[in-house]
Amino acid sequence: MNKNLSGSKMMYVSPARHQPSASRGTTSPGARRDSWQQKAAGVLVAALPTIAFLVVNAMASLTAGLIAAAVAAVAAFAWRLIRKEKLRQAVIGLAMVTACATVAALTGEARGFFLVPALIPFLVLGICLISIAIKRPLTGVILNKVSGGPSDWRFVTPLRRVYTVSTWICIAVNVVNAVLQVIYYRGDEPVVLGLVHIATGPVFAAIVAGTIAFARKATPTGTTRAAR
């Protein structure tokens, strides 16, 4: 500390203390780009067994297509483990391909590979409708913790409205998906079935991302948010 001409003490203040601190919740453009790249890679990896099956089945035979799907599924499983993703997601992905391949092998038809995915929209529809009826919209049950919403989100009107709307969107998407699955399964169009199956990944990823974004905006100020 130095004294000025009047004899009062002059304190040295570091310039750093006057610099505005970066907001803690801000995400850099690079981080956002990396996040989208990771999501895109995840969607591609999830679609890889279906793509491998369709291509090899068209070029060779059903058996070869099933082998290609199995190899791709194992590769996708290993990729998820290397990236340290949740083991549950990796196991579900592998189990789904195993079930699809088993049905196709038993039926001896390429469209059999998509029988299990064709049934899923009907199951999800039922769950979504029940969740709306009991006023616990499915997207809220699944995504509220990720969104950082309060545990009593069902009593927060703006937040409950977000989850209700997104659950209705899921219902609409699954209705369209179910109709397409029935039409093209009956028409024995495995390529179209595969494309519909692949398209559901990005569509539901967009619904999840949109739900989380709107839910965070609807979360009351001051609510402690879960780790993102």
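Side-chain contacts under 4.5 Å among hydrophobic residues (ILVMFWY), followed directly or transitively, place Val165 together with Ile169, Val173, Val203, Phe204, Ile207.
Side-chain contact between Trp153 and Val162 is absent, with no heavy-atom pair separated by less than 4.5 Å. Within the 4.5 Å cutoff, the side chain of Val141 has no heavy atoms near those of the Tyr163 side chain. Looking only at side-chain heavy atoms (C-beta outward), Arg83 and Val45 stay at 4.5 Å or farther from each other. Taking 4.5 Å as the limit, some side-chain heavy atom of Pro117 sits within range of a side-chain heavy atom of Cys100. Contact check for Pro150 versus Leu159: side-chain heavy atoms found under the 4.5 Å cut-off. Looking at Asp188 and Pro190, their side chains come closer than 4.5 Å, going by heavy atoms from C-beta outward.
Residues Val146 and Phe214 do not share a hydrophobic cluster, clusters being chains of Ile/Leu/Val/Met/Phe/Trp/Tyr side chains in contact below 4.5 Å. Side-chain heavy atoms closer than 4.5 Å link hydrophobic residues (I, L, V, M, F, W, Y) into clusters, and following such links, even through other members, never connects Ile67 to Val97. Transitive grouping of hydrophobic side chains (ILVMFWY, heavy atoms separated by less than 4.5 Å) brings Val175 and Ile132 into a common cluster. There is a path of hydrophobic side-chain contacts, each under 4.5 Å, that joins Leu143 to Leu138. In terms of hydrophobic clustering, with Ile, Leu, Val, Met, Phe, Trp and Tyr side chains grouped at heavy-atom distances under 4.5 Å, Ile142 and Ile127 are assigned to a common cluster.
Between Phe53 and Phe114, the ring-plane angle classifies as perpendicular under the 30° and 60° cut-offs.
Enclosure of atom OH in Tyr184 is not indicated, since only 12 or fewer non-hydrogen atoms of other residues, nucleotides or ligands lie within 6.0 angstrom.
The closest donor-acceptor contact from the side chain of Thr167 to the backbone of Thr139 lies under 3.5 Å. Listed for the Arg136 side chain is no donor-acceptor partner under 3.5 Å among the backbone atoms of Ser131.
Each side chain to side chain donor-acceptor pair (under 3.5 Å) pair with one or both residues in residues 94-121, not counting sequence neighbours, appears once here: Glu109-Arg111.
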